[in-house]
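To keep things clear, I will list the structure first and then write my remarks on it.
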Number of protein chains: 2
Amino acid sequence: MNFHSLLSQWFPLLCLILSTTISATPYNIPKLSAIKGKILHDPETVPASISEDFKTLFYTQTLDHFNYRPESYATFNQRYVINSKYWDGANASAPIFVFFGAEEELDYDLADIGFLSDTAPRFKALIVFIEHRYYGKSIPFGTMEETMKNESTRGYFNSAQAIADYAEVILYLKKNLSAQNSPVIVIGGSYGGMLASWFRLKYPHIAVGALASSAPILYFDDIIQQTGYYSIVTKDFKEASESCFETIRKSWSEIDEVASKPNGLSILNQRFKTCAQLNNSSELKDYLDNIFTEAAQYNHPPTYPVTIVCGGIDGAPEGTDTLGRIFAGVAAYNGNRSCYNINAYNYPSQTNIGWRWQTCSEMVMPVGHGINDTMFPPSPFDLNQFIEDCKNLYGILPRPHWITTYYGGHDIKLILHRFASNIIFSNGLRDPYSSGGVLQNISDSVLAVYTVNGSHCLDILTAKQSDPQWLVQQRQIEVEIIEGWITKYYADLLAFKQY
Amino acid sequence: MNFHSLLSQWFPLLCLILSTTISATPYNIPKLSAIKGKILHDPETVPASISEDFKTLFYTQTLDHFNYRPESYATFNQRYVINSKYWDGANASAPIFVFFGAEEELDYDLADIGFLSDTAPRFKALIVFIEHRYYGKSIPFGTMEETMKNESTRGYFNSAQAIADYAEVILYLKKNLSAQNSPVIVIGGSYGGMLASWFRLKYPHIAVGALASSAPILYFDDIIQQTGYYSIVTKDFKEASESCFETIRKSWSEIDEVASKPNGLSILNQRFKTCAQLNNSSELKDYLDNIFTEAAQYNHPPTYPVTIVCGGIDGAPEGTDTLGRIFAGVAAYNGNRSCYNINAYNYPSQTNIGWRWQTCSEMVMPVGHGINDTMFPPSPFDLNQFIEDCKNLYGILPRPHWITTYYGGHDIKLILHRFASNIIFSNGLRDPYSSGGVLQNISDSVLAVYTVNGSHCLDILTAKQSDPQWLVQQRQIEVEIIEGWITKYYADLLAFKQY
């Protein structure tokens with residue numbers, strides 16, 4: 001993965017988005033979505049239809065919570081969705097479970113994030129999903145294209161504004177429902193999990209607790225090694241199959257070698273059945289990088305995509321060469337097709353457009369291949385280059401230290417051991433992003449709940465009959481912890497409400 | 001105190017500040033400064049010179065921490081002052097005491113806030129004072145007049161931006177001094193005390209603890225009664241002298257009665273020796289209101305201004321009528337003068353100009369006389385009128401619920417009992433603003449330390465030989481609590497730093 005030009009592939013859309021000429025794009029920080037990458041690269045994906053119990057509403061949201069210029073008072077419609085089917089109501093002070101939308105349209109979350117609906121009956125809880133500003137139907141200035149092409153309108157698109165939005169929506173709802181005493185539990189996955197844990201830290205008066213699933217809150221600044229992510233991808237493949245790992249490890253230089261021959265790119269086009277002609281070998285390598293990382297990140301049961309990829313690679317007929325094996329892995333993962341779209345991961349979905357901005361402004365996660373640390377070609381994260389690329393792309397400088405300034409992250413046990421309470425950091429250790437997760441208990445109520453075999457955000461997806469026991473158990477533990485928080489909250493409510 | 005026009009008195013300056021015609025000004029929320037009101041109404045007050053151990057420096061501060069528009073990246077010079085005379089240095093991880101400037105030029109704080117210098121030797125602490133944005137030498141766009149007259153440049157003037165400034169300065173200093181392990185204690189008084197306590201809540205990774213002196217963090221929204229402030233002023237006077245209280249209580253209607261006569265205002269001019277002609281009786285009543293509240297708020301030993309005012313009122317020769325007694329109180333408080341400047345409290349100091357903006361944007365503290373609750377004339381706080389006045393003045397609407405949305409405040413014991421740590425809320429119960437203070441322990445490290453006889457921010461002023469025992473003791477308790485935090489921090493540092 002190099003500082004390659006994704007832009008040419010995006011040109012039809014990005015020429016609308018960007019007002020200046022761009023020659024490079026920032027380093028491609030792996031996507032974070034709670035939900036498997038299909039929404040990132042398949043324009044024809046349509047979210048599953050959702051239950052009629054969900055009612056869609058809109059809140060008139062303040063554009064800028066931290067400023068009092070006249071423009072700050074502009075408002076936009078923020079989508080949220082409510083399901084009160086299981087709720088025991090305000091008089092019972094029954095709980096409210098709030099899912100924090102992240103870098104995707106809320107529709108996908110409603111279809112796939114089942115934790116709230118699966119557990120609400122037990123808690124008699126109200127279910128609320130709130131969409132993140134600048135995604136889906138919650139875009140302040142018309143379409144995403146219009147909003148993002150204007151340097152004045154995209155500046156309000158950041159995490160501090162987003163959690164302030166959530167604060168306002170929740171307070172409004174509680175007031176509107178006369179449910180001031182109902183405990184609120186906030187839930188999010190991936191970037192949304194970061195938001196949930198940060199919300200509990202910043203707004204303890206609004207949320208009693210947070211479930212932060214696969215939230216790599218330590219993947220900022222210099223807290224962890226930049227190779228953390230790709231080391232786990234590598235480990236996942238190596239554990240699945242040593243020979244598969246070896247094949248991938250040596251494939252990169254072979255691709256380069258073929259590419260350097262006369263007609264080398266045509267050979268690669270043929271061997272990988274690319275739909276479009278390759279412009280350079282990086283396009284192919286990035287495509288493969290995306291497949292391997294996606295397979296590892298969303299290595300969900302019962303199919304286990306890493307096993308599928310390696311099944312293809314290892315299962316190719318004897319005598320198949322390295323590139324042939326890699327292609328067999330691609331075909332196993334994506335199915336047999338007449339051709340393969342190497343630009344699939346660059347599809348200008350809202351997630352791709354929005355997350356690029358977010359990483360180029362504040363969510364600077366230094367994810368790199370390192371030198372010889374992983375099965376991927378050498379490619380250390382280069383902050384200076386990243387800053388330069390972002391500046392070329394958006395005309396502003398990223399603030400790589402802001403996340404740790406505002407939310408912390410360094411010395412997290414030292415800091416939070418005697419501060420904060422009621423946060424679950426859940427992870428699956430096979431998820432590459434677990435490298436930036438909290439994997440140790442911080443105190444007796446700031447807890448790490450992880451599974452050795454789990455992948456990205458698995459615990460908050462809809463429960464299935466086929467779920468392995470360790471996953472059932474992880475969810476069970478989370479539910480019991482949350483139940484403990486709520487029980488204590490009700491006791492506190494009796495004891496302290498009158499202060 | 002009514003919705004009177006302070007504007008006419010301010011005209012020479014405010015006509016520069018405001019671009020629209022203004023017919024009313026917002027309700028006059030009593031000033032909050034840690035330091036006695038002289039800086040609010042005496043243009044000739046010059047702060048005492050400070051020790052040469054203090055070095056003045058400037059930090060290049062980001063204008064807008066919560067936005068990524070190109071304008072957000074503008075910077076301004078933020079003043080801070082350091083005294084390293086007592087510091088044991090970074091290698092010893094010696095503490096850093098940081099005073100948060102509030103709604104005044106830092107020069108006054110340096111002269112009067114002695115707590116840091118008085119206690120630093122014991123802790124071998126570094127002393128830092130940071131000026132609040134938009135005051136003193138830390139004004140982003142030239143002079144205060146220029147900055148405040150422009151609706152685009154004043155919008156960044158708010159508490160969330162201010163504490164983010166403090167976060168950046170502290171992190172910069174710690175890095176610069178290689179003092180990453182030094183515990184930071186933040187200290188503030190009044191509005192600055194609110195900032196200190198909010199900072200500990202929002203940035204626990206930067207400050208180990210906070211001393212929030214006379215911080216009325218509960219005087220927002222509907223948390224406490226609007227009459228809290230004036231009820232304590234009333235109580236202070238009643239306790240000093242029942243007859244003094246009675247004289248004041250009945251004076252308001254007598255002033256109105258005289259004012260309603262032909263030549264009534266001239267009579268009042270003569271009786272109160274006003275330097276300028278009164279335009280209406282409200283001007284006089286507001287002036288008296290200011291004197292009484294100031295005397296109560298800063299009722300410091302050894303002089304005890306309330307006793308001085310009441311000494312004047314009660315000590316007038318027998319047969320003196322009510323207005324004569326009130327005037328005797330004024331003369332006792334202000335000294336014998338050829339005339340008295342009834343506009344003194346409207347002097348356009350930075351504090352008056354800045355605090356008016358802050359109260360009209362987010363710091364909406366509903367302080368009212370109520371109906372018959374105090375010794376003051378009926379004048380309940382009227383939020384709708386306040387909003388209307390602010391809109392006329394600045395063209396924007398106040399956000400009266402934002403402070404409780406962002407920082408909390410409702411059900412504080414319920415919320416913080418199991419969250420947060422290491423905050424001292426210190427108060428003196430004779431301070432009218434203690435009505436909005438935290439006067440109960442919240443947990444075993446979020447503590448209320450108050451004195452029955454104390455006044456506004458007394459504990460953080462420079463210690464004097466004449467200080468009464470209860471004040472010496474209050475400071476002693478605070479020092480011991482802070483010492484306990486630091487001791488625990490060092491133990492934690494050993495235990496948890498390696499996470």
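Throughout, a chain's letter reflects where its sequence line sits, starting with A, and its residues are numbered from 1.
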- Kindly write out the residues that satisfy side-chain hydrogen bond (donor to acceptor under 3.5 Å, both in side chains) with B/E362, not counting sequence neighbours, or none if the list is empty. A/Y68, B/S159
- Task: Considering only heavy atoms and a distance below 4.5 Å, find which of B/P70, B/S72, B/A167 pairs most often with chain A.
- Result: B/P70
- Item | Largest heavy-atom contact set with chain A, pairs under 4.5 Å, which of B/A160, B/G409, B/S152 | B/S152
- Counting heavy-atom pairs under 4.5 Å to chain B, which of A/L171, A/I415, A/T404, A/T62 comes out on top? A/I415
- Do side-chain atoms of B/Y406 reach the backbone of A/F66 as a donor and acceptor pair under 3.5 angstrom? no
- chain A contact via B/S445 - which portion, at a heavy-atom distance below 4.5 Å: neither
- Message: For B/F419, is the CZ atom crowded, meaning more than 12 foreign heavy atoms sit under 6.0 Å from it?
- Response: yes
- Check whether any side-chain heavy atom of A/W485 lies under 4.5 Å from a side-chain heavy atom of A/I424, and answer yes or no. yes
- Taking every heavy-atom pair that is under 4.5 Å apart, which of B/Y407, B/W402, B/W357 has the most such pairs with chain A? B/W402
- Message: Please classify the contact between B/I163 and chain A as side chain, backbone, both or neither, with a heavy-atom cut-off of under 4.5 Å.
- Response: neither
- Query: Looking only at heavy atoms, which of residues 200-212 of chain B get nearer than 4.5 Å to chain A?
  - Reply: B/R200, B/L201, B/K202, B/Y203, B/P204, B/H205, B/I206
- Query: Got a second to check how far A/R399's CZ is from A/T405's OG1, nearest 0.5 Å?
  - Reply: 10.5 Å
- Write out, in numerical order, the residues from residues 173-180 of chain B with a heavy atom short of 4.5 Å from a heavy atom in chain A. none
- Message: So which residue, B/K488, B/E168, B/H401, ends up with the most heavy-atom pairs under 4.5 Å with chain A?
- Response: B/K488
- Residues in salt bridge (Lys or Arg N to Asp or Glu O under 4.0 Å) with A/E483, at least two apart? A/R122
- Item | B/D222/B/H410 under side-chain hydrogen bond (donor to acceptor under 3.5 Å, both in side chains): CA gap, chis, key distance, verdict | CA-CA 8 Å; B/D222 56 348; B/H410 290 280; 3.3 Å; yes
- Tell me, side chain or backbone of B/H65 under 4.5 Å from chain A's heavy atoms, or both, or neither? both
- Can you name the one residue among B/Q78, B/R133, B/Q161 that meets side-chain hydrogen bond (donor to acceptor under 3.5 Å, both in side chains) with B/Q61? B/Q78
- Message: So for A/L397, is it side chain, backbone, both, or neither that comes closer than 4.5 Å to the heavy atoms of chain B?
- Response: both
- Message: Under a 3.5 Å distance rule, please check whether A/N427 uses its side chain to pair with a backbone N or O of A/A448 as donor and acceptor.
- Response: no
- Task: Supply the atom-to-atom distance A/I486 CD1 to A/S182 OG, rounded to the nearest 0.5 angstrom.
- Result: 10.0 Å
- Message: Centroid separation under 6.0 Å, is that true for the rings of A/Y59 and A/Y172?
- Response: yes
- Task: Take B/V169 and B/Y166 through the test side chain to side chain contact (heavy atoms under 4.5 Å, CB included) and record every step on the way to the result.
- Result: CA-CA 5 Å; B/V169 174; B/Y166 294 149; 5.6 Å; no
- Task: Examine whether an atom of B/D64 lies under 4.5 Å from a heavy atom of chain A, and if so say whether it belongs to the side chain, the backbone or both; otherwise answer neither.
- Result: both
